Amino acid sequence: MKNIKILHITDLHLRHNGRLFYSTGKKINNGLILNGYNVLNISDRDSTNQKKNIFDIGSKKYLFNLLIQNIENFRPDMILFGHVDRIDYENFLKIKEKYSSIRFAQWFLDPLIKKGPDYEKNKNRFFLKYQFCDANFVTTAVDVLDFADEKKTFFIPNPIDPSIDIYKNFEEKKTLDIFIALSHGQHRGILKKNFIDDRIKFINKLTRKVTYNIFGYKKNPVWGQAFFDELNKCSMAINLSRGEPIKHYSSDRISSLLGNGMLTFIHEKYDFHDFFNKNEIVFYKNIKDLNNKILYFKKNPNLLKRIAKNGHKKSHKIFNNKLIADFIVRKTMNIKIKSNISWIND
Amino acid sequence: MTKYLIFRTDRIGDFIFSRLITDSIIKNDPQSIIDCVCSEYNSKYVKNFKDIKNIYILKKSSVFQLLKTLFTINKIKYDKLIILDGKRRSIFFSIFINAKKKYVMLKSFRSKFILNFFFDKYFINSEINSQYQNFLTLINFLNFKISKKIDYYKNYTFDKYHNKAIGKKYSLLHLDEKWFEGYYYSDFNYMNLNHLNFNLLIKTIYKKNNNNIVITTGTTKIDQLNLIKKIHFNKKNENLYISKKYGKKLIIIENTSFRDLENIVKRSKLLICCEGAISHVSNSFDIKTIALVQDLAFGKFWTAHMNNIELIPRSNVEKICYTINKI
């Protein structure tokens, strides 16, 4: 097979000075390289951030020209877009018209829940590139999205990167029980004033009989290595995402929880049964059920470790960034995929 | 109950294709009401679809009529207005219509200011995708998934058409103005079909299916076609010509309306035509079709969603016969 050249356009967060070194964009990028693909990066938001110009609001023209120059020089077989919002619809069309032989794809991580946060905004962002992409990748099951065609839209889980998600929390006794991390947007970094969402109400109903390490409520979120240091103090974690549960969706934080060997609790309505069994992750029905299960595992540390270990092993196998990146490339380039992993065959 | 107003002020084939959207709306939201803004020409055809409740005619020649239509439309508060024809007149007219959401499928870029100010979303019907893909994007944006089997003729009242001269098993050759130079676009490639090579084409089609052949024509009077009729056929009556050589196995039926043609296509085993409204009809009935197109890429823009179609670029008749033989 010819070595595929991929132009990956995603925010690599260089302007955040390492605060987001574990971003999904970076994990997918690492996955592409691990597969041996020839990858060239454009960190769109870093580039536009450096070239502010009053005659080019949002540096859109600059980014468009940058893209064209990179395509001309690199001549990729495939262009993979992350959350690239600074190129407008007309310019996407121009690029596709000019380079019609290049395959286009986008990955999109944000929630697409009708009753959830920013639904219209996120749907519009997704549709900015949807028409011109040969393949679209979302972190929600496609069969529950009424606006995505299943022939060109595919589910991908949030990737775990073994070079980033290196901890095995199940291997030793931890000083704290439960890790919970929330944020009001990773670019923002700090909490909004007087902003309370459903997740806070949920946290307030959790049992007081265990110890917590909570960030993003009462104290600001933690980022960078500090995030992993704090996570590493706990044996268990609750995976909280914004909005109503929807099949297979999760905040990208789940990859840090499972991938670093924590016993992870997730609401059963996310349908993660399709990937994990009860010996690998803990499903809960409601807050009462969750509290009971937290207390149960607190009293049964050996079982906690065993399930966390199983979850770690399974998640590193099926949510692996190399696997996900290869799936993205193969689907986009129409290359056959052989796998026994459930989400790949869906 | 969602009220839709759809603009399709162009040709019949475009309307048939647009059934993709109305079919998706009806299947996903059966309680919805769909009204249509048509041209005078296609309104006569659209009225045969029972699921289109009201039809408004966009007559740009009369300002009074336009205002009257606008007034009538604005009495109904539409939830979603969708322009599918991308015409300037439709875009302009729709600006004055009260609708909660407005969407437009454009043929080419229009003023960004107008689009962003007056419309909630716009898509370009770009040839980098097939038309089907572009419409699919719009359907998806409306929060609908397209059904696997699209019923283009759902809720359609067919004309009762019966012609004794047509047998039960036949191939249909539709010879409209697109076959002959001088009657359609000047920059098109045309076939050199004439009374000399006509028999070669007929033999090729016959060999393909071993069926009788029915020829239908368009409404335009064409000199070369008249010569073919004169040399190869006997006139039976005003609308029927019978082959001198093959008898009733090869006939020409003239003066058929589009609705008659639908019936003739529906019963055929094979259709050979220039790509256009008629190939949308044959696709709707899943009739095997060989369609002549300007070039393959352009042909695919219109036909990518059709399963039972073979495209042949228009060129000389000998080459076309050779390609038909190879299919």
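Each chain gets a letter, A, B and so on, in the order the sequences are listed, and its residues count up from 1. Only a predicted model underlies this, so the values are computations on that prediction, with no experimental measurement involved. Because only heavy atoms are used, hydrogens play no part in the values below, and waters and symmetry mates are left out as well, while side chains stay in.
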Between chain B and chain A, are any donor-acceptor pairs under 3.5 Å, and how far apart is each one to 0.1 Å?
residue  : atom : partner  : partner atom : Å
B/Lys112 : NZ   : A/Asp88  : OD2          : 3.0
B/Tyr122 : OH   : A/Glu90  : OE1          : 3.4
B/Tyr122 : OH   : A/Glu90  : OE2          : 2.3
B/Ile124 : N    : A/Tyr89  : OH           : 2.7
B/Ile124 : O    : A/Gln131 : NE2          : 2.8
B/Asn129 : ND2  : A/Gln131 : O            : 2.8
B/Asn134 : OD1  : A/Gln131 : NE2          : 2.7
B/Asn140 : OD1  : A/Tyr130 : OH           : 2.5
B/Phe141 : O    : A/Lys123 : NZ           : 2.6
B/Asn143 : OD1  : A/Lys123 : NZ           : 2.9
B/Asn143 : ND2  : A/Tyr119 : OH           : 3.4
B/Phe144 : N    : A/Asp146 : O            : 3.3
B/Lys145 : NZ   : A/Val142 : O            : 2.9
B/Lys145 : NZ   : A/Leu145 : O            : 2.9
B/Lys145 : NZ   : A/Glu150 : OE2          : 2.8

In this structure, are over 12 heavy atoms from other groups packed under 6.0 Å from B/Phe188 atom CZ? yes

So does B/Ile327 have more than 12 non-hydrogen atoms from other groups sitting under 6.0 Å from CD1? yes

Cut-off 4.5 Å, heavy atoms of chain A, and the answer for B/Phe141 is both

At a heavy-atom separation under 4.5 Å, does B/Ile124 approach chain A through its side chain, its backbone, both, or neither? both

